[in-house]
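Side chains are part of it too, since the values below use all heavy atoms of this structure and drop only hydrogens, waters and symmetry mates.
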Amino acid sequence: MSKTSQPNTTADVSGVSVIHTQAHTSGLQQVPQLVPVSPGGGGKAVPPSKQGKKNSFVDRNSDEYRQRRERNNMAVKKSRLKSKQKAQDTLQRVNQLKEENERLEAKIKLLTKELSVLKDLFLEHAHNFADNVQPVGTETTTTNPENSGQ
């Protein structure tokens, strides 16, 4: 039969309790659980992988440290260049859209003016056409002086 044991709780300086339970004798792996120390939560639970890195001493003269700093510096430069490029691209796009908007507004003015001219021409033509057309059934009869006496 498998043996169960009592959980072992240890408090961390970050305000997080880590509960260690012993594994069953069947060979299961031990998994720590993060639990806030205070009932109100107090702080963020820090995973075990991050806890050891903050507390460990780093030799600033080591090759590993210099390589990590160099890689980090390159990553920061790359990130800043990417951010700067994105801002420039956005500004360029804004300027393109402003120019396109100005062109479209000019085109709207031109087309509105053209519409007004065509509308006036149409109304003038319609008015002249109405003046020249006589209503049906009101034809004027001309009298022939030669036929009037007969």
Side-chain angles (χ1 to χ4, degrees), residues 7-21 23 27-150:
N8 181 14
T9 306
T10 59
D12 191 4
V13 290
S14 64
V16 174
S17 292
V18 178
I19 300 175
H20 298 280
T21 57
L28 295 176
Q29 189 176 7
Q30 180 178 349
V31 179
Q33 298 174 351
L34 300 177
V35 179
V37 173
S38 64
K44 289 186 177 180
V46 179
S49 63
K50 298 280 184 181
Q51 290 175 358
K53 290 184 180 180
K54 288 186 177 181
N55 295 336
S56 66
F57 175 72
V58 178
D59 182 17
R60 293 183 179 218
N61 295 325
S62 70
D63 287 338
E64 179 188 355
Y65 176 78
R66 278 188 268 122
Q67 287 175 351
R68 285 174 44 200
R69 292 300 320 141
E70 196 172 310
R71 274 187 284 151
N72 182 261
N73 290 343
M74 287 173 30
V76 166
K77 285 180 186 177
K78 184 178 176 182
S79 174
R80 288 178 182 160
L81 282 173
K82 188 176 178 181
S83 176
K84 191 175 184 179
Q85 182 64 42
K86 187 175 180 181
Q88 287 176 347
D89 291 346
T90 302
L91 184 62
Q92 184 178 4
R93 180 75 174 137
V94 166
N95 289 334
Q96 286 175 346
L97 290 173
K98 282 182 180 179
E99 288 175 6
E100 184 180 359
N101 193 32
E102 288 173 6
R103 283 194 307 271
L104 290 172
E105 285 179 359
K107 189 173 184 178
I108 288 171
K109 282 184 180 180
L110 179 69
L111 290 172
T112 303
K113 191 173 183 179
E114 185 178 345
L115 176 66
S116 177
V117 168
L118 290 173
K119 196 176 195 181
D120 290 343
L121 283 174
F122 174 77
L123 291 175
E124 184 180 331
H125 178 71
H127 181 68
N128 288 341
F129 182 73
D131 288 346
N132 291 334
V133 174
Q134 296 178 353
V136 178
T138 57
E139 294 181 19
T140 56
T141 57
T142 58
T143 55
N144 194 347
E146 295 173 4
N147 294 337
S148 62
Q150 295 172 340

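More than 12 heavy-atom neighbours from other residues, nucleotides or ligands sit within 6.0 angstrom of CZ on R69.
Applying the side-chain contact (heavy atoms from CB on, under 4.5 Å) criterion to D120, with sequence neighbours excluded, gives S116.
Side chains of N128 and E124 form a contact here, defined as non-hydrogen atoms less than 4.5 Å apart. Looking at M74 and K78, their side chains never come closer than 4.5 Å, going by heavy atoms from C-beta outward.
Between the CG atom in N72 and the NZ atom in K77 there is a gap of 11.0 Å [rounded to 0.5 Å]. D59 CG to E64 CD: the interatomic distance, rounded to the nearest 0.5 Å, is 10.0 Å.
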Under 3.5 Å, sequence neighbours excluded: what are the donor-acceptor pairs made by side chains of residues 86-111?
unit_1 : atom_1 : unit_2 : atom_2 : d
D89    : OD1    : Q85    : NE2    : 2.9
T90    : OG1    : K86    : O      : 2.8
N95    : ND2    : L91    : O      : 3.4

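A distance-only check finds no donor-acceptor pair linking the side chain of R60 to the backbone of Y65 [under 3.5 Å].
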